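These notes concern the structure reproduced below.
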Protein chains: 2
Amino acid sequence: MGCTVNDIARAAGVSRSTVLRALSGKPDISTETRDRIRELAATMKYRPNYIARSLTQGKTNLVGVITKPSLYYASHLVIESVEQGLLEGGYSTLLFISGPEREAEEQVVERLLKNRVDGVIAVPGAMTAPATYHELVETGVKLVILDGIIDELPAPQITGDNYKAGRIAAEHLIRLGHRKIAYLGIPTISTVGRDRARGVQEAFSAAGIPFEENFLEVAFNESAAEKRTAEILNAANRPTAILARHDIIARGVLRAIYAAGLKVPDDISVVGSGNILGSDMFRVPLTTINFPAKEMADQCVAKLLRLLAGDSLPSDITMLDVQLVLRASTGPPPKGL
Amino acid sequence: MGCTVNDIARAAGVSRSTVLRALSGKPDISTETRDRIRELAATMKYRPNYIARSLTQGKTNLVGVITKPSLYYASHLVIESVEQGLLEGGYSTLLFISGPEREAEEQVVERLLKNRVDGVIAVPGAMTAPATYHELVETGVKLVILDGIIDELPAPQITGDNYKAGRIAAEHLIRLGHRKIAYLGIPTISTVGRDRARGVQEAFSAAGIPFEENFLEVAFNESAAEKRTAEILNAANRPTAILARHDIIARGVLRAIYAAGLKVPDDISVVGSGNILGSDMFRVPLTTINFPAKEMADQCVAKLLRLLAGDSLPSDITMLDVQLVLRASTGPPPKGL
DNA sequence: TTGAAAGCGATACCAT
DNA sequence: ATGGTATCGCTTTCAA
C-alpha cells in the first residue's frame, strides 16, 4: 500500500528525521541529500498520511457540514459553496445530511466529534435540541450556524431575513388589494417559523386582516400542499391569494389550482419563497422571495475559517437581506371579491 | 478537550487495557468493573478518537465522493443517496466537487489518497485523465464509477443508457414527423457524449436524416444555449425540432424560442434530457429523458460496500434503463415543413 | 548536518 | 480478570 517515511528512510539509507526535513523543506539539510530524498519520495509515490499527521498535530483539517435533504432546502447551493470555500481554506468537507427520515442531528454531531473535526457548519433542522450545538462549542469545535438560529448559542450565526420575507410577501399581496389570504406556513416552533409568521402577521394586522384563521400548517411536500389547497378552494369564502412557505409548496398549490380549472393570477394569486430552480419557468412564472443562498454560505465559510485560524469572533447573528422576485403569479384579486 | 482512554484509566485506577475491555464489551472482565468504568466514561464524556483508531486499524471508514457542480448535474440526488447509504454501511462521506472552474480531479484524488479513504465513488468529469482513476485502484482504494465510463478501468461502473437516451429522444421526434432536427449535443470526447451522439446518429440514419450538419456543440449553460438557439432560429431553413443535451440547455432553448415569438410545440418541438426538478412545471411542460439517478446511486453504494467488505466484484459496466417522459413540448412539425 | 527518542490515542497480543 | 508493551505513521524536541 502507501509507503511511509520509514520506507523512504531505509531506501535512502538515512534516518526518518532527515527524510522529514527533506520533505517539509526545513533548513538544516544539505541540498544534495534533500534533492535525492525528494526524488526518491516521488518515485516511490510517497503520500503523507494525513491521519497520522492529525494525531500528532491535534488537528484534522476536517470540517463537518450538516445540512438537510434538498427536498426541503436548496442544499446543493450551500454544499457547493461551502465545500469550495473550505477546500480553498485548506479543509476537507465531511458531509452529513440530516432530516426527518434521516439520522438525527444528535447522532451526526456525535460522529463528527469522534472524527475530531476542527470545525462544523450546520444548517439546523427544526427539531434539533439546542443542546446538541452547545455540546459542539463546549468540546472546543469551531461552529457557525447557517440559515437558522439557535437561541443563546455562543457561535456566529448567519440567516436570511425571515421576518422580512414573510412581511414583504404579505405586503405585496395586500398592496394588490387582497384581503383574504391563506398562509400555508411553517410550524412556529422553529425560529424560522416564528420570524416568518411574525412578518406575515404584522403585515396582516397593519391591514386589519386577521391572522390566526388564515394560518394553515401543511406538511413540507408537494402533494400535501396540493391536497390542502384543494380543500381550501372548495371551502366557502375561498381566499383570493395563497402565500406558500416555500416554492415546493407553491408547486402543489398551483397544481391544485389548475386542477380546479382556475387561473393564476386572474382567479387566485400565489406567492412562494426560496426562488428555486425552475420557478422562473413555471407555466405561470412564480412570484417568490429570493434568499441569497450563495452569499450566506460564503460568509459562513469566511467566518469559520477565521475561527479556525484562531481569531475570536462575536457570537452574533448576521441577517442577510431578501428580495421579492416579482413574476406573473400575482395580480389584483378578481372583481367583486 | 476530549478525554482519552488514559484519562479514564487513571481516574478509575486501572490500566488502559481494562478500560478498553470495558468499553468494547469484550469478555475477560468482571461485571462490576465494567459497569463502573462505563459509567465513568459516560460522565467524563469519553468519545473514542476515530483518527487514532484509524491509524492502528489501517482503515478510516471514510469514503471519498467526487461529483460535479449541480449546475451540470443532478448532484444533489446523488449526494443524498450516497451519503445516506454510506452512513448506513458505517462510512462517512468526504465530499469533493470537481468541475471546470473547480479544483481538478487529479488534485482531489491526491487529497483523498492522503486522507487514506477506504473507498471512492466518483462521478467522472469529461476532461479527467483515466490515469487518475487507475492510480486509485492501484493504491488499493476500492472504487466504483457513477454515471460515466472510464475505459479499461478495473472497477465496477454504473451508468445510465446514454445510447438509448439519444436514440429514443431522436426517434420520438422522427416518429412525430420531424426531418429537420438540431442536436445541441455533448462533446464526443467523453464516453457519455460518444454514446449519446451514437444513439442520435443511428436514429437519424435509420430515417435518412444527415447527422453531422445537425450536430451543434454548446457550452453547458443556459445563456449559451439561448444565444445559440437564437442563431439557429434566424438561419434559413430552421429546424422544426431541437434536441437538447440536458434540460438546462432546453431552458435556454425555450427562452430563445419564446423571445422569437414562436410557440412550442406548434412552431417548434423541444426535447430535453435529465428530467430536472421543475421541468414538469415549465410554461410548456418539457418532454425529456429520465435517468434513474437515485437507483444508480443506490446500486453504486451497494457495490462499494461489498468491495469494502472484502468481496471481489467483476469490473463490469452496469447500464440502467432510461425512459422517455412524454410531456407537452413535442408535437408534429408545422404544416408545410 | 544528521540521528535518536518520546509521544499523539487506540489496539492487539502476551504476560501475569 | 487485569496489566504491560509494541505498533500504526508522523511530528517535535533533544542529542550527537
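Here the structure is a predicted model, which means the values were calculated and not measured. The sequence lines fix the lettering, A, B, ..., with proteins before strands; numbering per chain opens at 1.
Side-chain proximity of A/Thr56 to D/dG4, C/dC8, C/dG3: nearest is C/dC8. Considering only the side chain of A/Gln57, D/dT12 comes nearest among D/dT12, D/dG9, C/dT2. Of all nucleotides listed (D/dG3, C/dG9, C/dT2), C/dT2 comes nearest to the side chain of A/Ile29. The nucleotide whose nearest atom lies closest to any side-chain atom of B/Arg53 is, among C/dT2, C/dT11, D/dG9, C/dT11. Checking C/dA10, C/dA6, D/dT2 against every side-chain atom of A/Arg16, the shortest atom distance belongs to C/dA6.
Here C/dG9 presents its P atom at 16 Å from NZ of A/Lys59, a figure rounded to the nearest Å. Taking atom CG on A/Asn115 and atom P on C/dA10, their separation rounds to 13 Å, with Å as the unit. The nearest whole Å value for the distance from the CG atom in B/Leu55 to the P atom in C/dA12 is 13 Å. The CG-P distance, from B/Leu113 to D/dG9, rounds to 15 Å in whole Å. Rounded to a whole Å, the CG atom of B/Leu23 is 13 Å from the P atom of C/dA12. The separation between B/Asn49 atom CG and C/dT11 atom C1' is 13 Å, rounded to whole Å. Following rounding to the nearest Å, B/Arg47 (CZ) and C/dA10 (P) show an atom-to-atom distance of 12 Å. One atom, CZ of B/Arg21, and another, C1' of C/dT16, lie 11 Å apart when rounded to the nearest Å.
In this structure, A/Asp118 and A/Leu62 have side chains that are not in contact, with every pair of non-hydrogen atoms separated by 4.5 Å or more. Counting heavy atoms from C-beta on, the side chains of B/Thr4 and B/Asn49 never come closer than 4.5 Å. Put simply, the side chain of A/Lys303 reaches to within 4.5 Å of the side chain of A/Thr318, judged on heavy atoms.
Between A/Glu135 and B/Lys45, at least one side-chain N (NZ, or NE/NH1/NH2) sits under 4.0 Å from a carboxylate O, which counts as a salt bridge. Salt bridge present: A/Arg102 and B/Glu83 bring a charged side-chain N and a carboxylate O closer than 4.0 Å. Salt bridge annotation for B/Arg38-B/Asp35: absent, with no cationic side-chain nitrogen under 4.0 angstrom from a carboxylate oxygen.
Between A/Thr4 and D/dC8, a side-chain N or O to OP1/OP2 separation shorter than 4.0 Å is absent. A/Thr18 has a side-chain polar atom (N or O) that falls below the 4.0 Å cut-off from OP1 or OP2 of C/dG3. For B/Tyr50 and C/dC8, the shortest distance from a side-chain N or O to OP1 or OP2 is not below 4.0 Å.
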Evaluate side-chain contact (heavy atoms from CB on, under 4.5 Å) for A/Met296 paired with A/Leu146, printing each intermediate quantity in order.
CA-CA 7 Å; A/Met296 284 165 64; A/Leu146 178 57; 3.9 Å; yes

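Within residues 5-13 of chain A, the residues that place at least one heavy atom under 4.0 Å from DNA chain D are, in residue-number order, A/Val5. Near-neighbour residues of DNA chain C inside residues 31-40 of chain A, defined by a heavy atom below 4.0 Å, number-ordered: A/Thr33.
In the interface, the side chain of B/Ser17 is paired with the base of D/dG4 through a donor and an acceptor atom under 3.5 Å apart.
Within the structure, every pair that satisfies the salt bridge (charged side-chain N to carboxylate O under 4.0 Å, His left out) test and touches residues 145-156 of chain A, not counting sequence neighbours, is listed here: A/Asp151-A/Arg194.
Residue B/Lys142 comes nearest to B/Leu307 through the heavy atom pair CE-O, 3.6 Å, listed as atom of the first residue, atom of the second, then distance.
Side-chain N or O atoms of B/Ser54 include one that pairs as donor or acceptor with a backbone N or O of B/Tyr50 at under 3.5 Å.
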